[in-house]
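Per chain, numbering begins at 1; letters A, B, ... match sequence-line order. Side-chain atoms are counted along with the backbone in the values below, which use heavy atoms only and exclude waters and symmetry mates. Remember, it's a predicted structure, so these values are computed and weren't measured experimentally.
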Amino acid sequence: MVSGKPSNLKSFKSSKNFNFILIFLCLTLVFLGKLDLVAIRNIKAFLSDFLAPATFALNRPVNEIAGVFEDVKSAGSLREENIRLKSEVRKLKVINSKSSSQELELLELRQLLKVLPEEKNKIITGRAITAPGGVFANTVLINAGENYGIKVGQPAISSLGLVGYVVNVGLKTSRILLLIDINSMIPAYLTNSNWPAVVQGQSGKLLKLKFLSSKAEPVDGEVVQTSGHGGRLPSGINIGKIVKSFSGKFYVKPVVDFQRLTFISVITNKPSGSFSPENFEGFAPLQKPKPSINLKGLNLSGKRIIEGTGN
Amino acid sequence: MIRNDKNFYLLYKFSINTSLFVFLFCILNFQISLSFFSMFETSTPSLISIVIYFCIVRFNINPPSIILLLTGFLHDIMIGNNFGITSIFLLLLKYFTNNLILERVNKDNQEEWIYFTIIFILSFSIVFLINLIISFSLPELSPIFFHVGITLILYPLINISINFFSFVSRLIKS
């Protein structure tokens, strides 16, 4: 079997036929896989679980070496990096002081308008076992699966924004389809103008904006977030920023660096009972805040707490 | 006695094929993990195709189709590809190497690279076409060009290093 070329014509022809049979079998499997049959999904999930430890162990040394290379590369630009970070910290301090006062104001207004309470989601964080190294597929495997309540369709995020969503779940591992994959489509909106659109991956670095109204005028650098349309993904998760290409077309540049994903969080199902429709009164006329509700930074009568005075 | 010989032969074949499978699996994993390097951020080179081509042309080892099929399946599962795509690519690579080119390769000169380029691009184009039909949309072409380009650039580098090692080993032996 492992010798050189087939010695006689008969065996040569039979091996050729066998090759074609196998290619045909694979082709059938490719189309069956596209039909998203439960059996194939389960086999994939089982094999992912089975292979995960070996993949992690074999990927680890290369990952470590790549880390060392990155460290050495960044060591040369430490001074510039330090200066940039210092200026960034100064800017962030200003933004932080503004945002804390705005947060209080927002809480007050939410309370006055009786806005639907934000539901708290359970977040599960797993370690990325593989890197997105395929030409045709951009997925990542994480080491958390059904055992942590992860289900197909749940959104995956990093500290910067949306990473993708879960497409396959095994007992101990889950596969996440990244935003940049050609099969990924996310309902989104432009934060400045509020125009809805669908963000689609192209297996490259930029995302395509689809179904955007012709009236919409995207601005270079405008933030794009999930719109929550369809109810699958929560709204308000950062996707990226608008960039204008040389041809004048608008694309979305993801905020997440997909090559450096180490930990990925999955937003699992919302806990039931956090909101009951009977209690919701809609946009009711302004009312005095109920004394029983204690908002952050406010006393029971709804006035701001000033430190040191005890009020 | 004859039965014993046959058993030994089967055992020998099994062990060789198993080692080949493990070797190809390790190469595939290495290939995937290359994306941790910022250089291969766009896409990784197809080391597995270089290895298979070398096995067939240089070392006269013809990997069994079943081994290639299984290796392809594992690769698809690991990176979340469409099930069977990599297997088709590997089987086509083997088929083209065996049937179209092998007869014409003159080992004395450096035609191997050109033949590898033809085989690789041909196999990859077929697989790319299948992917295109399945997904119904054209992906960004820059990662694909990078993948093909970096594989073709790496081929002579690996070839030179193999030649160097064989030269050194011959030198030590003599």
For [X], does the [atom1] atom have more than 12 heavy-atom neighbours from other residues, nucleotides or ligands under 6.0 Å away?
{"X": "F50(A)", "atom1": "CZ", "value": "no"}
{"X": "K44(A)", "atom1": "NZ", "value": "yes"}
{"X": "R232(A)", "atom1": "CZ", "value": "no"}
{"X": "F54(B)", "atom1": "CZ", "value": "yes"}

Nearest 0.5 Å, please: how far is [atom2] in [Y] from [atom1] in [X]?
{"X": "F83(B)", "Y": "R41(A)", "atom1": "CZ", "atom2": "CZ", "value": "14.5 Å"}
{"X": "F136(A)", "Y": "S43(B)", "atom1": "CZ", "atom2": "OG", "value": "10.0 Å"}
{"X": "F73(B)", "Y": "L51(A)", "atom1": "CZ", "atom2": "CG", "value": "13.5 Å"}
{"X": "F258(A)", "Y": "S35(B)", "atom1": "CZ", "atom2": "OG", "value": "13.5 Å"}
{"X": "F36(B)", "Y": "T130(A)", "atom1": "CZ", "atom2": "OG1", "value": "7.5 Å"}

Residue F59(B) versus chain A: region with a heavy atom under 4.5 Å: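 Neither part.
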Contact origin within N81(B) toward chain A - heavy atom pairs under 4.5 Å: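 Both the backbone and the side chain of N81(B) come within 4.5 Å of chain A.
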Residues in residues 58-70 of chain A that sit under 4.5 Å from chain B, counting heavy atoms only: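 At a heavy-atom separation under 4.5 Å, chain B is reached by L58(A), N59(A), V62(A), N63(A), I65(A), A66(A), F69(A), E70(A).
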Distance flag, aromatic centroids of Y95(B) and F18(A), threshold under 6.0 Å: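 No.
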With I130(B) via side-chain contact (heavy atoms from CB on, under 4.5 Å) - residues at least two apart: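 Expected list: L27(A), V30(A), I85(B), I88(B), I126(B), I134(B).
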Which residues share a side-chain contact (heavy atoms from CB on, under 4.5 Å) with A45(A), sequence neighbours left out: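 side-chain contact (heavy atoms from CB on, under 4.5 Å) list for A45(A), sorted by chain: N168(A).
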Polar side chain donor-acceptor pair, T42(B) to K205(A), under 3.5 angstrom: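 No.
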Pairs under 3.5 angstrom only: tabulate donor-acceptor contacts from the side chains of residues 138-155 of chain B to other protein residues two or more places apart or in another chain.
{"from": "E140(B)", "atom 1": "OE2", "to": "S142(B)", "atom 2": "OG", "distance (Å)": "3.1"}
{"from": "H147(B)", "atom 1": "ND1", "to": "T44(B)", "atom 2": "O", "distance (Å)": "2.7"}
{"from": "T151(B)", "atom 1": "OG1", "to": "S46(B)", "atom 2": "N", "distance (Å)": "3.0"}
{"from": "T151(B)", "atom 1": "OG1", "to": "H147(B)", "atom 2": "O", "distance (Å)": "2.6"}
{"from": "Y155(B)", "atom 1": "OH", "to": "E112(B)", "atom 2": "OE1", "distance (Å)": "3.4"}

Given T86(B), D76(B), L91(B), L90(B), the one that forms side-chain contact (heavy atoms from CB on, under 4.5 Å) with C26(A):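 That would be L91(B).
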Non-hydrogen atoms of M78(B) and R175(A) that approach each other most closely: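 For M78(B) and R175(A), the tightest heavy-atom pair comes out as O-NH2, 3.1 Å.
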Closest non-hydrogen atom pair between K94(B) and N19(A), with its separation: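 For K94(B) versus N19(A), the nearest heavy atoms are CD-ND2, 4.4 Å.
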What residue in [options] has the most heavy-atom pairs under 4.5 Å with chain A?
{"options": "V127(B), N82(B), I77(B)", "result": "I77(B)"}
{"options": "L28(B), I133(B), L74(B)", "result": "L74(B)"}
{"options": "F30(B), F128(B), F40(B)", "result": "F128(B)"}

Test item: S87(B) and L22(A) side chains (from C-beta on) under 4.5 Å apart, heavy atoms: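 Answer no - side chains too far apart.
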Contacting moiety of F24(A), where chain B heavy atoms sit under 4.5 Å: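 Contact with chain B involves no heavy atom of F24(A) at all.
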